[in-house]
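We count ligands from 1, going down the list as the structure has it; atoms in each ligand are counted the same way. The first residue of the sequence shown is numbered 1, and numbering continues consecutively from there. A quick note: this is a predicted structure, and the numbers were derived from the prediction, not measured.
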Amino acid sequence: MESIYKEQLLDHYKNPRNYGKMMNPHIHKEDSNPLCGDVIEIFVRIKDDKVDSVSFEGKGCVISQATASILTDELKGKTILEIQSLEREDILDLIGVNLTPSRVKCAMLPLITIKKGIIEHNSK
Ligand code: FES
């Protein structure tokens, strides 16, 4: 079972979904993993309090970049509150592979980035 998920991760890494910059996003945040310096930049447009469109750019390991691709697919149509309530377990369920603690940090980078972006957006 797990090898299917590994293939899925590699596919998302090689062919990232929702990749690229966005003009005039409502939420825009770049963050990095302090352990390695890998970067994720997320762009979100909101309509009726739901994610209307979302994209990302980044550089880094397979886990961080593939998770960003998978997560951005998942975020479409979600409300800000729903995104804020996503947790580590939700991300691990999404990617479906067992990770070492340092690799969990890679997988969490995209969600952490968007949550920081939401906090900034809400404080405007
Ligand atoms: Fe840098 Fe994974 S090694 S985010």
Side-chain angles (χ1 to χ4, degrees):
M1 192 63 176
E2 187 150 304
S3 70
I4 295 171
Y5 286 111
K6 281 184 183 152
E7 274 173 34
Q8 179 193 303
L9 277 182
L10 274 178
D11 180 46
H12 275 272
Y13 179 69
K14 288 181 189 155
N15 309 294
R17 314 329 184 239
N18 315 304
Y19 196 86
K21 293 192 190 305
M22 184 188 290
M23 299 299 286
N24 304 317
H26 297 114
I27 296 169
H28 175 212
K29 185 70 187 170
E30 181 179 306
D31 201 12
S32 61
N33 182 339
L35 297 178
C36 61
D38 292 353
V39 178
I40 293 284
E41 185 178 8
I42 288 196
F43 307 82
V44 183
R45 285 192 66 79
I46 306 286
K47 195 174 171 190
D48 301 329
D49 198 39
K50 287 189 177 150
V51 172
D52 186 46
S53 52
V54 52
S55 68
F56 81 99
E57 284 193 344
K59 65 175 177 60
C61 67
V62 172
I63 303 287
S64 67
Q65 304 304 304
T67 305
S69 174
I70 294 168
L71 180 64
T72 48
D73 259 354
E74 192 68 18
L75 293 182
K76 288 175 194 161
K78 285 216 182 326
T79 65
I80 296 286
L81 275 179
E82 283 170 333
I83 297 171
Q84 284 172 313
S85 69
L86 290 175
E87 292 177 355
R88 184 175 175 277
E89 291 311 314
D90 299 307
I91 297 297
L92 297 180
D93 280 353
L94 265 183
I95 62 175
V97 291
N98 288 321
L99 299 174
T100 62
S102 66
R103 292 273 126 181
V104 171
K105 289 201 170 66
C106 303
M108 289 305 294
L109 179 59
L111 181 63
I112 288 169
T113 305
I114 190 167
K115 283 191 175 184
K116 285 182 179 173
I118 289 171
I119 290 169
E120 283 183 8
H121 172 72
N122 287 346
S123 68
K124 276 181 199 162

Can you name the N/O/S atom of D38 that is nearest atom 1 (Fe) of ligand 1?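 So the atom name we want here is OD2.
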
Hey, does the side chain of [X] reach the backbone of [Y] with a donor-acceptor pair shorter than 3.5 angstrom?
X	Y	value
K29	I119	no
T72	V54	no
D48	K50	no
H121	H26	yes
Y13	S64	no

If I take every N, O or S atom of C61, is at least one of them less than 2.8 Å from atom 2 (Fe) of ligand 1?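 So C61 does bind atom 2 (Fe) of ligand 1 by this criterion.
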
Sub-4.0 Å atoms of ligand 1 with respect to non-hydrogen atoms of R103: 3 (S)

At a 4.0 Å threshold, what atoms of ligand 1 neighbour a non-hydrogen atom of S64? 4 (S)

Evaluate the side-chain proximity of R17 to I70: yes if any heavy-atom separation is below 4.5 Å, no if none is.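 When only atoms from C-beta onward are counted, R17 and I70 do not touch, as no gap falls below 4.5 Å.
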
Any N, O or S atom of C36 closer than 2.8 Å to atom 1 (Fe) of ligand 1: yes

Non-hydrogen atom of N33 closer than 4.0 Å to ligand 1: yes

Proximity of K105 to ligand 1 by residue part, where a heavy atom lies under 4.0 Å: neither

